[in-house]
Amino acid sequence: MERKTVFEGKLLPCLLVAPQLLVTILFFFWPAGQAVWFAFLRQDAFGIRTSFVGLENFQDLFADPLYLETLRNTLVFAAGVSLIALTVALLLAVMADRQIRGAGLYRILLVWPYAIAPAVAAVLWIFLFHPQIGLLGRALNEAGLPFDYKLNGTQAMLVVILAAAWKQVSYNFIFFLAGLQSIPKSVLEAAAIDGARPAYRFWTVTFPLLSPTTFFLLVVNLVYAFFETFGVIDALTKGGPARATETLIYRAYIDGRVNLDLGMSSAQSVVLMLVVILLTAVQFRFIERRVHY
Amino acid sequence: MQRRSFMAGAAALGLAAPASLRAQARTEIQFWHAMPGVLGEVVAEQVRRFNASQPAVTVVPSFKGGYTDTMTGAIAAWRAGNAPHIVQVFEVGTATMMAAGPAIRPVHELLGENGVALDPKRYLAGVRGYYSDTKGRLISMPFNSSSAIMFLNLDAFAKAGLSTTDLPRTWAQLRQASEKLKAAGATPVPMTTSWPTWVMFEQMAAMHDVPFATLANGFEGLGTELRLTGPLFVKQVEYLLAAQKDGLFRYGGRDNAADGLFVAGEAAISFMSSSLRSRLEKEAKFKWAAVPLPYHDDLTKSPKNGVIGGASLWTLTARNRTPAEYKAVAAYFQFISEAEQDLWWHKSTGYVPITLAGYEKARAEGYYAQNPGADAAIIQLSRAEPTPNSMGFRLGGMVEIRNIIQEELEKALQGQQGATQALESANRRGNVVLRNFEKANKA
């Protein structure tokens, strides 16, 4: 079924994959291996005094109630970001998929935020939500609703979720739009002839047919929320107030780069690495299944 | 045409050769700093002046991002074997740098080896103490120093019917002033603060001569323990909580996030770095005053010196570093310690002068008469002989400890816990950091 090119001998194929392997080993396996090794060491910032401490870093980590709190924050954050980014993107994609004047322009505008650097996006959100200088923050406070994400943990979480989700909507939008356009028109027409109203058609025909896309995006969004939202959090809240918006990746950064505790930070990286492996495994299983779709 | 360009090329080569030879004869020194924008330009200008002043050394300054990035970058470079000669490290990184034995060359050794005589006494007491060992020998080179002082919006004071000449000096007087400011609606909020830990804990401990940690705030050893549950800190946190409850104080965020509140006229009273002066001169649309930080007059009648903030310069080692390179670093340090250069630095940056001679020169030419309040930080830093409680802080993981205090303070301001509980948590968590640092830095 699949087309396969067979190479003669062993040398040429090895030579052809060598550059890729080299890059992978040099930039992925080596640092990852080093992180795993560092997780079992205690060392000062300069690496002058190093001692092997076994699993002590991991013990300290899981005995720390604040780490478990950070884990809980991360789950709330990831769920919030994925939920908002997916639903908003789906809604927008369905709207943009219809026959409207200037659909192309809408699509371009909707994809735009994806090209904005996280830190810049965060600054835009500061201009909106800052309790004293932000448009919305000021308006809320003047309307008598006390809004101060610099001191209120729940509000801070809400702000970082919104900012992070907004960045991801564009990405989801492209995939949903492509997914919608690949749904055969005949199926929808058949449903329409059978008397199904638009909303009913959407939930019984379109949505199930989109499910592979949705599932793929869910995994991608979770990975995004877990690992790629550092810039947004750093620029908006720095994990505060009182650690309310500190996620696992942010904590690993703080412990390693700011507090210069490499052992602890590496132990956290190993935990995060396991999470990535898990998510990747889920994703691969899913893609395999989609082939049979 | 072709021949002409060839000739031009040859001529360029001919010119270039002696130039590069000349450059080789000069020792090149890499200097990593963390001064952005206008301050970065002042650093570059200082370096240009040094390079032009002598024939042997070329210092190459590079901006490496914020304090944290610059420090971690230099540490990573040292681990890789190609550290810069000089790196600027913020004051809270001092303990980490000092514990890094073979990675650094203490300033007193560097100067001694190269026959440069710089008496430590030439530097301001508060500046010198922070960067010296227990024997009074300089370990790093004082560079940019500031202190936290109080800034008052005089227009708001006038609007509330408060005196604009007899300004508050104690926390109790500030409380009364805040109440009047609130009653008059002079600013949206009467009081805020930048650098919550530096101002409310570190400065207050030094000024009231109360230990922040044992073993002279860590100067005497790695076994130091925090003393955050003491009555001064309870009083200070309770003061803030009560002021917040009565609508007199608003928390403006960590580090210097609250600077903007005062600059924009949102708060009438704030506690900020003295280096904010230049920004206020440019941006503030109201009359303001800069005065020393307030104190509790029921605890002390004569407050001690405050502590500095800012950064110092560290000499880093490397495997292939030559004596000539160390000599060049010493020459640069000598240059920036000259009274003339120091005066120029003080006036162009707004940082305090690092030498007494620089300060005297500024005073002699009437700089403080023309710029009232420009010496508030200097007065605060040098008004008393430093005690073991006011020399400064030598605590490993100080950045982390500062953040822990900020976190627990935030929890208290959110209403999740009282002052005593906040301080107990901060003390416990901070001590864990100190013990980890001790374990990691004991051979």
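As the structure is a prediction and not an experimental result, all values here were calculated from the model. Residue numbering restarts at 1 for every chain, and letters A, B, ... go by the order of the sequence lines.
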Heavy-atom contact with chain A under 4.5 Å, split by part of B/Asp69 | both
Do B/Glu407 side-chain atoms and A/Arg243 backbone N/O form a donor-acceptor pair below 3.5 Å?
-> no
At what distance, to the nearest 0.5 angstrom, does CZ of B/Phe437 lie from CG of A/Asp261?
-> 11.0 Å
Between OG1 of B/Thr68 and OH of A/Tyr253, what distance do you get to the nearest 0.5 Å?
-> 6.0 Å
Distance, nearest 0.5 Å, that separates CZ of A/Phe46 from CG of B/Leu316 = 6.0 Å
Residues, nucleotides or ligands: over 12 heavy atoms within 6.0 Å of A/Phe28 CZ = no
So which of A/Gln43, A/Lys238, A/Arg257 has the largest heavy-atom pair count under 4.5 angstrom toward chain B?
-> A/Arg257
Proximity breakdown for A/Leu262 and chain B, heavy-atom pairs closer than 4.5 Å = side chain
For B/Leu409, is it the side chain, the backbone, both or neither that has a heavy atom under 4.5 Å from a heavy atom of chain A?
-> neither
Given that the side chain runs from C-beta out, which part of A/Leu66 has a heavy atom under 4.5 Å from chain B: side chain, backbone, both or neither?
-> side chain
Could you please spell out the steps behind the side chain to side chain contact (heavy atoms under 4.5 Å, CB included) verdict for B/Gln414 and A/Leu151?
-> CA-CA 6 Å; B/Gln414 286 171 348; A/Leu151 196 54; 4.2 Å; yes
What distance separates A/Leu260 CG from B/Ile75 CD1, expressed to the nearest 0.5 Å?
-> 4.5 Å
Part of B/Glu438 lying under 4.5 Å from any heavy atom of chain A = neither
Sort B/Met71 into side chain, backbone, both or neither according to what part of it lies under 4.5 angstrom from a heavy atom of chain A.
-> side chain
A/Glu56 side chain reached by B/Lys439 side chain, heavy atoms, under 4.5 Å | yes
Under a 4.5 Å heavy-atom cut-off, does chain A meet the side chain of B/Glu400, its backbone, both or neither?
-> both
To the nearest 0.5 Å, tell me how far B/Trp78 CH2 sits from A/Ile48 CD1.
-> 4.0 Å
Just by distance, do the side chain of A/Arg42 and the backbone of B/Asn436 share a donor-acceptor pair under 3.5 Å?
-> no
Would you name the heavy atoms of B/Lys411 and A/Ala242 that are closest together and state the gap between them?
-> CG-CB, 3.5 Å
Bottom line for A/Glu246: the part with an atom under 4.5 Å from chain B's heavy atoms is neither
Which region of A/Asp148, side chain (C-beta onward) or backbone (N, CA, C, O), has a non-hydrogen atom less than 4.5 Å from a non-hydrogen atom of chain B, or is it both or neither?
-> side chain
Quick one: pull up CZ in B/Arg250 and NZ in A/Lys150 and give me the separation to the nearest 0.5 Å.
-> 12.0 Å
